[in-house]
Amino acid sequence: MNRRDLIIGASAAIAAGELAACSAVDETHTAGISPQPMPKSSIQRTSGLSSAASRSGRYFGTAVQAAGLNDSGLRAALNRDCSSITPEWAMKWDALAPSAGSYRFDEMDRVADFAGRHGLALRGHTLLWHKSVPTWAAGLIARTREWQHVETHFQRVMTRYASRVREWDVINEPIEPNDNRSGLRNNQFLKAFGPDYIEWAFWSAHKFAPQARKMVNEYGLEYRSDYEGQRRLTLLRLLERLKKKGVPIDGVGLQAHLDLRKGALDHNGIYGMVRDITAMGLKVVVTELDVVEADTGLPLQQRDSLVADETRRYLDIVLQFPNVIGINTWGMNDGHSWLRAQRGRENRGLPYDSNWRAKAMRNSIHAALA
Ligand code: 9MR
């Protein structure tokens, strides 16, 4: 972080202690992606969400877009609150290799360099996701049914960023109980390789990052409904099978896109799921926390407290388990949230509003972590 950033950060009301911590960042890092030792621990932020998290041995992080890293408000928020970042899309297959045979790493390199320069850990999101397979690769996989094509992709991404990434979302969203009896999503990988593709993915990832945590990342596991109950059960069955076979999986990412339209959180369902994951010896990370609002017509203060209360209820359940080692929000600022694009209007489901004013949600995360 350079002096200019520090001044910008200061204007966003960063505590003096954090500035001191910030100035301790190793500024000798160059922008290159040359192999460096994996960061053992991030810089100690003296207040803010990551420092609250670190008191119980956890970390706090968020998703970022490469272009957003120029935003001084985001830089200040990262400095204040985060010890880890996740590329929101820069590491996905279609972002890295939109056309056959050529990879462009510039955007992802920017995110990785930023993490390196600012002492932030980097989450590897995501190696295999049905929604981010470029057309050329989908065609190749369907035609040849050769796993080698997937493994080559893993190799290109993982060897490039292995020194920076401690945690990989090897597979994203493999569960869909409506697709078939197994509960596995009928995606292009299931079609080409059968259900074993999941374990192959973990073995391939293990080749290129034997030390890093390798995880399956899933959504739709929070609410009281038959459907989400099925999703929890299917996830647990999948994990059980993988563990029994000795597959190198280390953890589970719970996306936690909370949704006030869905009714009540299933306290027992969430608790039981995290307890069972714990019993399998797996780590848990909340990977994409945000809250979809039910009624965006309410007064702001009421909207913000509904979001904050839901966040607190969820975190209070999962944080009972010490193996829940990290919390990540899917962005920091409502103005840049994927939900804004999806819903066509502002959704106040992240810790800061679009003017970088901290909201009640940030307080509730802090209180839950404290
Ligand atoms: O938030 C992400 C959005 O900007 C991208 O357009 C989209 C497709 O790459 O992915 C979104 O992130 C998703 C994440 O990778 C997996 N879980 C659901 C997230 C929201 O759709």
Side-chain angles (χ1 to χ4, degrees), residues 61-71 74 82 84-99 103-105 107-108 110-111 122-138 153-154 157 161 165 167-176 185 187-189 198 201 205 214-223 228 231-232 235 251-262 284-293 314 326-352 354:
T62 197
V64 298
Q65 299 165 7
L69 295 173
N70 296 326
D71 176 346
L74 175 63
C82 295
S84 176
I85 54 174
T86 306
E88 188 169 342
W89 42 261
M91 200 187 255
K92 289 169 184 166
W93 198 345
D94 57 352
L96 291 173
S99 46
Y103 275 63
R104 44 170 213 209
F105 288 107
E107 294 243 319
M108 187 52 226
R110 276 175 64 201
V111 178
L122 187 64
R123 295 199 76 249
H125 177 86
T126 170
L127 292 169
L128 211 54
W129 185 28
H130 63 283
K131 283 193 180 166
S132 68
V133 187
T135 319
W136 66 267
H153 168 65
F154 282 23
V157 183
Y161 300 109
V165 175
E167 226 168 74
W168 291 93
D169 289 337
V170 175
I171 300 197
N172 195 36
E173 305 174 3
I175 307 288
E176 181 42 77
R185 183 182 292 282
N187 57 22
Q188 48 284 70
F189 321 118
I198 296 181
K214 290 168 285 288
M215 321 186 60
V216 58
N217 192 43
E218 193 51 86
Y219 72 93
L221 305 162
E222 297 82 23
Y223 287 89
E228 298 217 352
R231 296 183 62 84
R232 288 188 285 272
L235 175 65
V252 180
L254 305 176
Q255 293 187 10
H257 293 290
L258 305 181
D259 191 335
L260 293 168
R261 300 168 305 185
K262 288 188 178 175
V284 175
V285 173
V286 174
T287 50
E288 305 184 13
L289 178 65
D290 57 16
V291 184
V292 179
E293 292 182 87
Y314 180 76
I327 306 290
N328 301 269
T329 50
W330 206 237
M332 291 297 262
N333 178 310
D334 294 333
H336 306 136
S337 167
W338 72 290
L339 292 168
R340 185 188 185 120
Q342 215 202 29
R343 305 190 75 193
R345 59 181 182 278
E346 189 187 60
N347 180 87
R348 295 176 67 86
L350 287 172
Y352 292 84
S354 50

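For this chain, numbers begin at 1 and follow the sequence in order. One-based numbering, in listed order, for ligands and for the atoms of each.
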Subject >> Distance from atom 3 (C) of ligand 1 to nearest protein heavy atom, with residue and atom >> reply: E88 OE2, 3.7 Å
Original post:
Of the non-hydrogen atoms in A201 and I171, which two are nearest, and what is the gap between them?
Top reply: CB-CD1, 3.7 Å
**OP:** Using a 4.0 Å heavy-atom cut-off, say whether T126 meets ligand 1 through its side chain, its backbone, both or neither.
**Re:** neither
Original post:
Taking the non-hydrogen atoms of K131, is any one of them nearer than 4.0 angstrom to ligand 1?
Top reply: no
**OP:** Would you please determine whether H257 falls within less than 4.0 Å of ligand 1 on a heavy-atom basis?
**Re:** yes
**OP:** Examine R231 relative to Y223 and say whether NZ or CZ is less than 6.0 Å from the centre of the six-membered ring and inside a 45° cone about the ring axis.
**Re:** no
Original post:
Does W89 come within less than 4.0 Å of ligand 1, judged by its heavy atoms?
Top reply: yes
**OP:** Output the list of atoms in ligand 1 that are nearer than 4.0 Å to some heavy atom of N172, sorted by atom number.
**Re:** 16 (C)
Subject >> Geometric N/O contact E288 with ligand 1, under 3.5 angstrom >> reply: yes
Subject >> Any N or O of Q255 closer than 3.5 Å to N or O of ligand 1 >> reply: yes
Subject >> Residue and atom name of the nearest protein heavy atom (relative to atom 10 (O) of ligand 1), distance in Å to one decimal >> reply: K92 NZ, 2.8 Å
**OP:** For ligand 1, note which part of W330 has a heavy atom under 4.0 Å away: side chain, backbone, both or neither.
**Re:** side chain
**OP:** Would you check whether E173 has a nitrogen or oxygen atom less than 3.5 angstrom from a nitrogen or oxygen atom of ligand 1?
**Re:** yes
Subject >> Heavy atom of protein inside 4.0 Å of atom 6 (O) of ligand 1, strictly below >> reply: no
Original post:
About how many Å separate OG1 of T86 and CG of L122, when rounded to the nearest 0.5 Å?
Top reply: 7.5 Å
Original post:
Is there a donor-acceptor contact under 3.5 Å linking the side chains of Q255 and N172?
Top reply: yes
Subject >> Ring geometry between F105 and Y161 (parallel below 30°, tilted from 30 to 60°, perpendicular above 60°) >> reply: perpendicular
Original post:
So which of V170, V285, V284 actually passes side chain to side chain contact (heavy atoms under 4.5 Å, CB included) with M215?
Top reply: V285
Subject >> Ionic contact status for R261 with D259, cut-off 4.0 Å >> reply: yes
Original post:
Is the side chain of T62 donor-acceptor paired with the backbone N or O of T329 at a distance under 3.5 Å, no angle test?
Top reply: yes
